[in-house]
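Down below is the structure, laid out as structure tokens.
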Amino acid sequence: MKKITLAKSCLLFIVLTACCTVYSQKNLPQLGKSPVSEIVKAMSLEEKAQLLVGTNKRVPGEISEAAIRGRGAVGFTGTISRFGIPGIIMADGPAGVRLQPYFIDDKKISYTPTAWPVGISLASSWDVNLLNEVGIAFGNEVKEYGVDILLAPGMNIIRNPLNGRNFEYYSEDPVVSGYIASAFVKGVQSNGVGTSIKHFIANNQEANRDKVNANISERALREIYLRGFEIAVKNANPLTVMTSYNKVNGLYTSENPDLTTTILRNEWGFKNLVMTDWNGGSDVVAQMKARNNIIMPGKTSQIEQIIAAVNEGKLDLKIVDKNIEEILNLILQTSSFKKYNYSNNPDLVGHAAIARNAASESMVLLKNNSNKALPLNTGTKVALYGAASYETIIGGFGSGAVLPSYKISILDGLTNAGYRITGNLKESYAAYKAKTYAASAYDQIPEMEISQDVINQTANDADVAILTIGRKSGEGGDRQVNNDFNLFDVEKKLIKNLSGAFHAKGKKIVVIINAGSVIETASWRDYADAILLPWQPGMEAGNAIADVISGKVNPSGKLTVTFPMKYEDEPSSTNFPGTPIDKPTEVIYKEGIYVGYRYYNSFKAQTAYEFGYGLSYTNFNYSGLKLSTSKFKDKITATLTVTNSGKVSGKEVVQLYLTAPEKTLEKPSEELRAFAKTNLLKPGESQTISFQLNPRDLASYNTEQSSWIADGGTYTVKVGASSRDIKLTKEFKLAKDIEVEKNHKVLTPTITINELKRIKQL
Ligand code: BGC
């Protein structure tokens with residue numbers, strides 16, 4: 001078969017398009033009016049290839065509106081006017097609609113979105129209603145800025161604290177990740193716009209992310225890395241899924257039909273569209289065959305390759321047609337197709353209030369000495385330390401960055417709330433910043449050295465010291481252990497000296513951790529009276545932090561990731577980011593299913609702050625755990641009462657862990673199976689909480705049988721305030737083993753993985 005060059009194919013496409021416009025409305029099937037199958041039949045191979053590969057104004061005159069708007073977004077698809085197929089628009093990302101300023105006839109057009117708290121922050125609320133509310137407002141901005149698909153949420157498992165993009169992700173646990181993502185996706189999509197849950201799967205590091213091969217056991221894949229996506233797909237029906245850059249067990253995820261067809265479509269019932277990550281994978285034909293419907297953002301060479309592969313019989317036209325059909329089905333649902341008259345004017349003031357509330361509801365109070373360093377009365381005189389108190393880090397960098405019209409620093413927030421900031425630290429930090437920040441906006445700048453004289457002076461003048469430890473991280477690189485995960489020497493010295501000087505005067509020191517991922521805390525936490533973790537809380541950062549510091553909002557966030565005593569305790573620390581260390585091509589997930597608390601609890605390893613942990617300004621009492629039956633048949637309901645036993649109103653995150661019997665497989669000592677957040681309970685007020693457990697909640701993945709098996713035996717329901725603060729337990733029995741679900745034998749590792757084991761022989 002003769003090879004058609006791109007130039008020729010484009011020419012042919014333009015000619016076809018031009019000739020047909022005159023009678024297109026009459027004779028050609030039109031999207032929305034004719035069945036999709038008729039359009040697929042009528043499209044030329046060249047047109048199909050144009051649609052399968054995202055576009056960047058490839059065909060002159062063809063993408064006008066989409067191209068113009070697309071300049072502010074990140075990707076869009078081709079327009080094929082003769083069938084009434086509009087280009088659609090995609091924009092990042094998890095923390096806000098990432099619109100870049102753009103120009104029309106030299107006029108700068110820039111629309112500013114809300115910068116929401118980052119993923120790890122929102123997840124720390126453990127509040128699906130809140131995520132839904134954020135999703136609704138966020139989705140409204142997607143719609144009103146004329147975008148069709150939001151490239152979010154990011155829901156990779158937080159396998160290791162150093163991953164540069166942890167800020168975009170939710171948790172080390174797939175149940176948290178899955179249900180938080182579901183609530184968000186439902187909220188966004190309730191506006192009639194789409195989401196793209198990403199990155200499917202195992203993009204758990206940035207180091208050599210587009211080449212690295214993640215070697216993961218089938219069980220760890222099923223129970224940990226796939227599970228959150230499975231929950232989101234089944235519960236929230238996202239309109240698109242984005243495959244990841246990396247390989248899993250030897251194949252690029254975007255080129256592996258076992259992942260995107262067998263598991264995603266056949267086992268989970270996904271009916272929508274799959275897209276590649278930006279320039280991900282290496283073989284467009286393999287991607288087509290795997291049913292990655294659309295290649296983003298698309299290269300012209302990929303169009304040629306698709307056309308050639310079909311012509312040479314290497315790619316079945318039926319696969320092309322199926323991919324096209326799903327793209328058209330998606331386009332039919334978009335605002336671009338419906339010609340929605342977007343306003344470019346969403347309610348940013350209203351959304352800022354939601355962002356502020358979401359940020360404060362997500363903060364985790366890690367420490368508050370019994371003498372109650374927090375809350376702090378407004379009007380208190382504060383000595384405000386740390387560069388991030390002045391240049392507060394609202395989110396991470398890379399595609400997950402957002403450009404809002406303003407951001408509230410901690411200084412602004414505390415001032416707005418009525419705190420009195422003493423001394424001239426503000427000026428000193430500004431001068432230091434001007435000198436040091438010239439390097440790069442992304443570099444982690446060491447804190448400014450502060451003399452003992454200045455510290456002593458502020459300890460005299462102020463009532464309290466607040467020190468913010470700031471951390472930046474983002475796409476394209478992982479964090480490092482020293483001077484990032486571990487504090488810089490200058491930070492350690494500052495905490496120690498502040499603590500010495502303020503405590504000598506009977507005054508307190510509060511530390512705020514303004515980071516997108518976990519940092520070391522064990523070596524310095526004793527110097528602080530209180531530690532507040534707002535993560536990277538979005539553009540209303542300072543106001544939200546002041547709300548919690550003042551007690552206007554009682555903190556109710558809890559950790560969705562473990563804070564280890566030291567980095568080396570992390571079960572993945574010896575296998576991250578893989579080998580060779582400077583540009584890893586192989587990473588072996590030797591910790592298997594023992595990710596996060598599954599490891600720390602099962603191996604009884606000490607943590608600084610455990611998964612699920614977080615303090616409140618009040619206390620809660622747990623009582624009356626009842627199970628609907630003591631013998632499990634097809635479901636069981638656990639009910640209990642939570643009472644606010646303290647003096648101020650507050651909310652509690654209630655967690656249900658299950659301990660399963662170990663027959664043929666070893667199992668983590670506790671696994672989170674459900675969670676709920678109470679309403680705002682007044683002192684003395686109670687709320688009844690119910691959880692339902694289904695057969696799948698009892699089951700583990702048995703690799704030999706490729707099945708989810710619930711072992712017969714005794715199960716213990718453990719309800720608690722964290723993974724290590726179990727308040728109530730009750731047992732039930734399962735009479736005999738049940739095969740809950742049979743899966744396909746796919747994604748098999750190509751090497752032997754000597755996984756971490758707790759029990760040598762079962
Ligand atoms: C990121 C994706 C993002 C895409 C488009 C990629 O580099 O990995 O998360 O959606 O770019 O900006």
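In each ligand, atom 1 is the first atom listed, and ligand 1 is the first ligand listed.
- By the 30° and 60° cut-offs, the orientation of the rings of W116 relative to H351 is tilted.
- With respect to Y169, the side chain to side chain contact (heavy atoms under 4.5 Å, CB included) criterion is satisfied by exactly one of N204, V561, N163, T560: N163.
- Listed here is the closest heavy atom pair of V248 and T253: CG2-CG2, 3.7 Å.
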(request) List the steps, then state whether salt bridge (charged side-chain N to carboxylate O under 4.0 Å, His left out) holds for K234 with E230. (result) CA-CA 6 Å; K234 291 182 174 170; E230 178 182 7; 2.7 Å; yes
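- In this structure, ligand 1 sits under 4.0 Å from heavy atoms belonging to V74, D92, R98, L151, R165, K198, H199, R209, M242, Y245, D277, W278, S399, E475.
- Taking all atoms of both residues into account, the shortest heavy-atom contact from P238 to N272 is O-ND2, 2.8 Å.
- Residues meeting the ring-ring contact (aromatic ring centres under 6.0 Å, His included) test with Y170, sequence neighbours left out: none.
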